[in-house]
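For the numbers below, each heavy atom of this structure counts, side chains included, while hydrogens, waters and symmetry mates do not. Being a predicted model, the structure only gives us computed values, none of them experimental.
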Amino acid sequence: MDVVDQTSDDLTAIERARLHSIVTADGPALWALHDPDFVLCSPGGGIWDRERYVGGLCDGSVSYTRFEAVTPIEVLRSGDLAVVRYLSVIDLKTPHGGGHLECWHMDSYLRDAVAGWRCRWSQATDTIQD
(Lines give C-alpha, C1' and ligand atoms only; values in the text may rest on other atoms or scores of the structure.)
Protein backbone atom coordinates (compact mmCIF):
# COMPACT_ATOMS: atom_id res chain seq x y z
CA MET A 1 0.00 0.00 0.00
CA ASP A 2 1.41 3.38 -1.01
CA VAL A 3 1.37 5.63 2.06
CA VAL A 4 1.26 8.77 -0.08
CA ASP A 5 -2.09 7.89 -1.68
CA GLN A 6 -3.98 6.33 1.22
CA THR A 7 -7.68 7.19 1.38
CA SER A 8 -10.29 7.20 4.11
CA ASP A 9 -11.09 3.59 3.21
CA ASP A 10 -7.47 2.71 3.94
CA LEU A 11 -7.69 4.38 7.35
CA THR A 12 -10.83 2.39 8.12
CA ALA A 13 -8.97 -0.81 7.17
CA ILE A 14 -5.98 0.24 9.28
CA GLU A 15 -8.20 0.87 12.32
CA ARG A 16 -9.88 -2.51 11.84
CA ALA A 17 -6.42 -4.12 11.58
CA ARG A 18 -5.39 -2.34 14.80
CA LEU A 19 -8.47 -3.69 16.61
CA HIS A 20 -7.74 -7.19 15.32
CA SER A 21 -4.09 -6.97 16.45
CA ILE A 22 -5.28 -5.88 19.91
CA VAL A 23 -7.57 -8.92 20.26
CA THR A 24 -4.97 -11.36 18.89
CA ALA A 25 -2.08 -9.70 20.78
CA ASP A 26 -0.07 -9.57 17.54
CA GLY A 27 3.09 -7.94 18.90
CA PRO A 28 4.75 -6.91 15.61
CA ALA A 29 1.51 -5.39 14.30
CA LEU A 30 0.80 -3.66 17.62
CA TRP A 31 4.20 -1.99 17.77
CA ALA A 32 3.94 -0.98 14.09
CA LEU A 33 0.41 0.47 14.36
CA HIS A 34 1.00 2.54 17.51
CA ASP A 35 3.11 5.69 17.32
CA PRO A 36 6.09 5.82 19.71
CA ASP A 37 4.31 8.71 21.48
CA PHE A 38 0.97 6.85 21.64
CA VAL A 39 -1.28 7.66 24.61
CA LEU A 40 -4.60 6.03 25.51
CA CYS A 41 -7.08 7.82 27.74
CA SER A 42 -9.07 4.84 28.98
CA PRO A 43 -12.81 4.83 29.71
CA GLY A 44 -11.96 5.00 33.42
CA GLY A 45 -9.81 8.10 32.90
CA GLY A 46 -6.44 6.39 33.20
CA ILE A 47 -3.56 7.37 30.94
CA TRP A 48 -1.61 4.56 29.29
CA ASP A 49 1.48 5.16 27.18
CA ARG A 50 2.59 2.88 24.35
CA GLU A 51 4.91 0.78 26.51
CA ARG A 52 2.26 0.13 29.14
CA TYR A 53 -0.56 -0.56 26.68
CA VAL A 54 1.18 -2.46 23.90
CA GLY A 55 3.58 -4.08 26.36
CA GLY A 56 0.61 -5.23 28.47
CA LEU A 57 -1.08 -6.69 25.41
CA CYS A 58 2.11 -8.51 24.45
CA ASP A 59 2.79 -9.94 27.92
CA GLY A 60 -0.86 -10.89 28.49
CA SER A 61 -1.49 -8.64 31.49
CA VAL A 62 -4.03 -6.81 29.31
CA SER A 63 -6.18 -9.01 27.11
CA TYR A 64 -9.23 -8.53 24.94
CA THR A 65 -11.59 -11.28 23.83
CA ARG A 66 -13.62 -8.76 21.84
CA PHE A 67 -12.95 -5.29 20.45
CA GLU A 68 -15.03 -4.41 17.44
CA ALA A 69 -16.60 -1.38 15.85
CA VAL A 70 -20.39 -1.64 15.90
CA THR A 71 -20.99 1.54 13.91
CA PRO A 72 -19.30 2.59 10.69
CA ILE A 73 -15.81 3.97 11.25
CA GLU A 74 -15.96 7.64 10.33
CA VAL A 75 -12.77 9.29 9.08
CA LEU A 76 -11.83 12.96 9.05
CA ARG A 77 -8.52 13.53 7.28
CA SER A 78 -6.32 16.47 6.36
CA GLY A 79 -2.83 15.84 5.04
CA ASP A 80 -0.83 13.69 7.44
CA LEU A 81 -3.38 13.90 10.26
CA ALA A 82 -6.57 11.85 10.51
CA VAL A 83 -9.21 11.22 13.15
CA VAL A 84 -11.39 8.12 13.29
CA ARG A 85 -14.57 7.81 15.33
CA TYR A 86 -16.88 4.88 16.06
CA LEU A 87 -18.83 3.03 18.73
CA SER A 88 -17.30 -0.24 19.89
CA VAL A 89 -18.07 -3.25 22.03
CA ILE A 90 -15.21 -4.53 24.18
CA ASP A 91 -14.62 -7.46 26.51
CA LEU A 92 -11.28 -7.28 28.31
CA LYS A 93 -9.24 -7.88 31.42
CA THR A 94 -6.56 -5.66 32.91
CA PRO A 95 -4.51 -5.76 36.11
CA HIS A 96 -7.21 -3.50 37.61
CA GLY A 97 -10.25 -5.52 36.54
CA GLY A 98 -12.08 -5.67 33.27
CA GLY A 99 -15.41 -6.70 31.90
CA HIS A 100 -17.76 -5.57 29.18
CA LEU A 101 -17.65 -2.03 27.76
CA GLU A 102 -19.44 -0.13 25.05
CA CYS A 103 -17.39 2.92 24.12
CA TRP A 104 -17.16 5.77 21.71
CA HIS A 105 -13.64 6.01 20.33
CA MET A 106 -11.89 9.00 18.88
CA ASP A 107 -8.44 8.03 17.66
CA SER A 108 -5.97 10.36 15.99
CA TYR A 109 -3.51 9.08 13.42
CA LEU A 110 -0.31 10.62 12.13
CA ARG A 111 1.24 9.59 8.84
CA ASP A 112 4.98 9.11 8.65
CA ALA A 113 6.71 8.79 5.26
CA VAL A 114 8.40 5.57 6.42
CA ALA A 115 6.00 3.98 8.90
CA GLY A 116 2.71 5.08 7.32
CA TRP A 117 -0.37 5.75 9.45
CA ARG A 118 0.00 5.06 13.19
CA CYS A 119 -2.37 5.72 16.06
CA ARG A 120 -1.04 8.59 18.19
CA TRP A 121 -3.87 9.31 20.65
CA SER A 122 -6.82 7.15 21.58
CA GLN A 123 -9.75 8.40 23.65
CA ALA A 124 -12.42 5.94 24.80
CA THR A 125 -15.65 7.04 26.48
CA ASP A 126 -17.78 4.38 28.18
CA THR A 127 -21.46 4.67 27.22
CA ILE A 128 -22.90 2.13 29.66
CA GLN A 129 -24.94 3.88 32.34
CA ASP A 130 -24.99 2.10 35.72
How far apart are the closest heavy atoms of Glu102 and Val89, and which atoms are they? CG-CG2, 4.2 Å

Do any N or O atoms from the side chain of Thr125 and from the backbone of Cys103 form a donor-acceptor pair under 3.5 angstrom? no

For the residue pair Leu92 and Leu101, establish whether any side-chain heavy-atom pair is separated by less than 4.5 Å. yes

Evaluation steps, side-chain contact (heavy atoms from CB on, under 4.5 Å), between Trp48 and Val39: CA-CA 6 Å; Trp48 294 52; Val39 175; over 6 Å; no

Residue pairs passing the side chain to side chain donor-acceptor pair (under 3.5 Å) test where at least one lies in residues 16-34, sequence neighbours excluded: Glu15-Arg18, Arg18-His34, Arg18-Asp107, Arg18-Tyr109

Asp80: side-chain hydrogen bond (donor to acceptor under 3.5 Å, both in side chains) partners, not counting sequence neighbours: Arg111

Shortest non-hydrogen pair, Ile128 vs Asp126, comes out as N-OD1, 3.1 Å

Test Val75 against Val83 for side-chain contact (heavy atoms from CB on, under 4.5 Å), laying out the working first. CA-CA 6 Å; Val75 178; Val83 178; over 6 Å; no

Interatomic distance, CH2@Trp121 vs CZ@Phe38, rounded to 0.5 Å, equals 12.0 Å

Could you tell me which residues satisfy salt bridge (Lys or Arg N to Asp or Glu O under 4.0 Å) with Asp91, sequence neighbours excluded, listed by chain and number? none

How long is the straight-line distance from CG of Asp37 back to CZ of Arg50, given to the nearest 0.5 Å? 9.0 Å

Correct closest heavy-atom pair for Trp117 and Gly79 would be CH2-O, 3.6 Å

Rounded to the nearest 0.5 Å, the CG atom of Leu110 sits from the CZ atom of Arg120 at a distance of 5.5 Å

Could I get the full list of side-chain hydrogen bond (donor to acceptor under 3.5 Å, both in side chains) partners for Arg85, not counting sequence neighbours? Glu74

I need the minimum non-hydrogen distance between Ala32 and Arg118, along with the two atoms involved. O-CD, 2.9 Å

Could you tabulate the donor-acceptor pairs under 3.5 Å formed by side-chain atoms of residues 54-63, not counting sequence neighbours?
residue : atom : partner : partner atom : Å
Asp59   : OD1  : Ser61   : N            : 2.8
Asp59   : OD1  : Ser61   : OG           : 2.7

Stepwise side-chain contact (heavy atoms from CB on, under 4.5 Å) check, Val23 with Arg66: CA-CA 6 Å; Val23 172; Arg66 183 178 184 192; 5.8 Å; no

Evaluation steps, side-chain contact (heavy atoms from CB on, under 4.5 Å), between Ser122 and Leu40: CA-CA 5 Å; Ser122 183; Leu40 164 67; 3.7 Å; yes

Test item: Tyr86 and Leu19 side chains (from C-beta on) under 4.5 Å apart, heavy atoms: yes

Report the residues that fulfil ring-ring contact (aromatic ring centres under 6.0 Å, His included) with Phe67, sequence neighbours left out, ordered by chain and then residue number. Tyr64, His105

Any side-chain heavy-atom pair of Val84 and Thr12 under 4.5 Å: no

Measuring from atom OG of Ser42 to atom OH of Tyr53, what distance do you get when rounded to the nearest 0.5 angstrom? 10.0 Å

